[in-house]
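A short write-up of the structure that comes next.
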Protein chains: 2
Amino acid sequence: MGISERKEREKGEMKKMITTAAMKMFLEDGYAKTSIRNIADSIEYSPGTIYLYYKDKDELLYEVQGQAFLKLLEAFKTHATSKDPIRRLEQLGKTYVSFGLENPELYDLMFIIRAPMNVDDELHKDNGGETFFYLVDCLEECMKNGLLIFKDPMQAALQVWSMMHGLVSLNLRCRLKVMVIGEESIQPVLFKAVEEYLDSIVV
Amino acid sequence: MGISERKEREKGEMKKMITTAAMKMFLEDGYAKTSIRNIADSIEYSPGTIYLYYKDKDELLYEVQGQAFLKLLEAFKTHATSKDPIRRLEQLGKTYVSFGLENPELYDLMFIIRAPMNVDDELHKDNGGETFFYLVDCLEECMKNGLLIFKDPMQAALQVWSMMHGLVSLNLRCRLKVMVIGEESIQPVLFKAVEEYLDSIVV
DNA sequence: CAAATATACTGAATGGTGTTCAGTAAATCC
DNA sequence: GGATTTACTGAACACCATTCAGTATATTTG
């Protein structure tokens, strides 16, 4: 019978409707300033309804994070496509930094905000895993050809990711103001840091 | 007359009493979970009183941040003392990472939490500035002797700090779980990253 | 010294938050 | 057509930061 299928479909549509509204509002106003009530309002349902589809605000964030990671992966697949793995690594780095600069609220919600990840241990590979391994793959290809100074691919990934995340997140939290960088020169300065850093890790 | 002096002193004591309680509670339960009511309770005053000494919760956080930066500076002055600037740089890096691992809530409040910094532009140099320049000084001494690959001290500081902050903050947000590091091996892995990175930037 | 003023503090009130749950109305099943 | 399941509501709960009229104490003034 098709009724339960339709119900299933409707449930999915409702979940999508909620996450879409949530994503929009998280992006515009940030996670903290977006309340369940606001989201409920915007989709014209009562607050209680959202809890029929998501256990709590964290679970909703987790869902939106998943979408955000896909968006970053998308950006990687579009902009980090060079056949030369070293060149591709540079594209990866710059794409990552640009993503952080252009989508601060999204970046926040993916990497900075304190939220669900801390609890559910297993799910990490789902959310963000594929995106992370896009970087690991690139590094492994570089290392297979002996192009990087690293010995362990995981150490390599840790360092490269830490550098990129450090650059983006210090900027997002305005900590770079101590070194008086003008607003407009932030992107070039961060790009230069990426270039210099990658230069220092190729053999 | 000594009355206004006493008043002044009492005002200072009250402020210290508030920040001390706040620091303790921020450290134990984190910034978000610590409410003005809780702080007021713990010092046996009404919530309203706190607002006679601090404009809002952000201003209180800003004060506590100041203390936290001093604590980090203290750690630097204790553990990063080698005469050899390269060796000192390594001590600095490890001290920073250890600080982040040992005082996660404090680190959070200094560098990760979204709070006052975003508004007051001028005050940054007060809060954390001295601590930051301890790193810059060390880098400048290294570079003066031509020991590092960098040309610009600010680019050097940006990169080194980003790497250290990236390592600490990705760990604090459990993002290193994608690379299945066991809880106990986190500190050695991060230390190894610091060592490897610093090796890659000395000429 | 007494009255007037300034200071320090209170705690209830305002308008928000996430989350729960008894109650209702519609859809589905038998 | 009556019973049951499903979807949804919105008021209620326990919090939150912040404000402010009111009070009680301390200081200054006449």
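Hydrogens, waters and symmetry mates are skipped; everything else that's a heavy atom, side chains included, is used. Here is how names work: the chains are called A, B, and so on, in the same order as the sequence lines, proteins then strands, and each is numbered from 1. Treat the numbers as computed from the prediction; the structure is a model and nothing was measured.
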Examine distances only and state if a side-chain atom of [X] and a backbone atom of [Y] form a donor-acceptor pair shorter than 3.5 Å.
X         : Y         : value
Gln91(B)  : Ser82(B)  : yes
Asp56(A)  : Glu59(A)  : yes
Ser162(B) : Met163(A) : no

Atom [atom1] of [X] and atom [atom2] of [N]: how far apart are they, to the nearest Å?
X        : N       : atom1 : atom2 : value
Glu10(A) : dA26(C) : CD    : P     : 16 Å
Asp41(A) : dT17(C) : CG    : P     : 10 Å
Tyr45(B) : dA12(C) : OH    : C1'   : 20 Å
Leu52(A) : dT6(D)  : CG    : P     : 13 Å
Glu59(A) : dG18(C) : CD    : P     : 15 Å
Arg9(B)  : dA26(D) : CZ    : P     : 16 Å
Ile43(A) : dC8(D)  : CD1   : C1'   : 12 Å
Ile50(B) : dA8(C)  : CD1   : P     : 16 Å

- Message: For Tyr96(B) and His79(B), which I'm curious about, is there any donor-acceptor pair between the side chains at under 3.5 Å?
- Response: no
- Quiz item: cation-pi between Lys15(B) and Tyr54(B), 6.0 Å / 45°: yes
- Query: Has Lys57(B) got its NZ or CZ under 6.0 Å from the middle of the six-membered ring of Tyr31(B), at an angle within 45 degrees of the ring axis?
  - Reply: yes
- Query: Atom CG in Asp152(A), atom CE in Met179(B): separation rounded to 0.5 Å?
  - Reply: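 If we round to the nearest 0.5 Å, Asp152(A):CG and Met179(B):CE are 10.0 Å apart.
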- Message: Going by salt bridge (charged side-chain N to carboxylate O under 4.0 Å, His left out), name the residues that satisfy it together with Arg87(A), two or more places apart in sequence or in a different chain.
- Response: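 For Arg87(A) the salt bridge (charged side-chain N to carboxylate O under 4.0 Å, His left out) partners, ignoring immediate neighbours, are Glu90(A).
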- B/S/- along nucleotides 13-20 of chain D (protein heavy atoms under 4.0 Å) is ---BBBB-
- Query: So does Tyr53(B) get a side-chain nitrogen or oxygen closer than 4.0 Å to the phosphate oxygens (OP1/OP2) of dC9(C)?
  - Reply: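 So the side chain of Tyr53(B) is within the cut-off, an N or O lying under 4.0 Å from OP1 or OP2 of dC9(C).
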- Query: Can you check whether Phe111(A) and Phe69(A) have ring centres sitting under 6.0 Å from each other?
  - Reply: yes
- Item | Within residues 16-23 of chain B, residues whose heavy atoms come under 4.0 Å of DNA chain D |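 When residues 16-23 of chain B is checked for heavy atoms under 4.0 Å from DNA chain D, there are no hits whatsoever.
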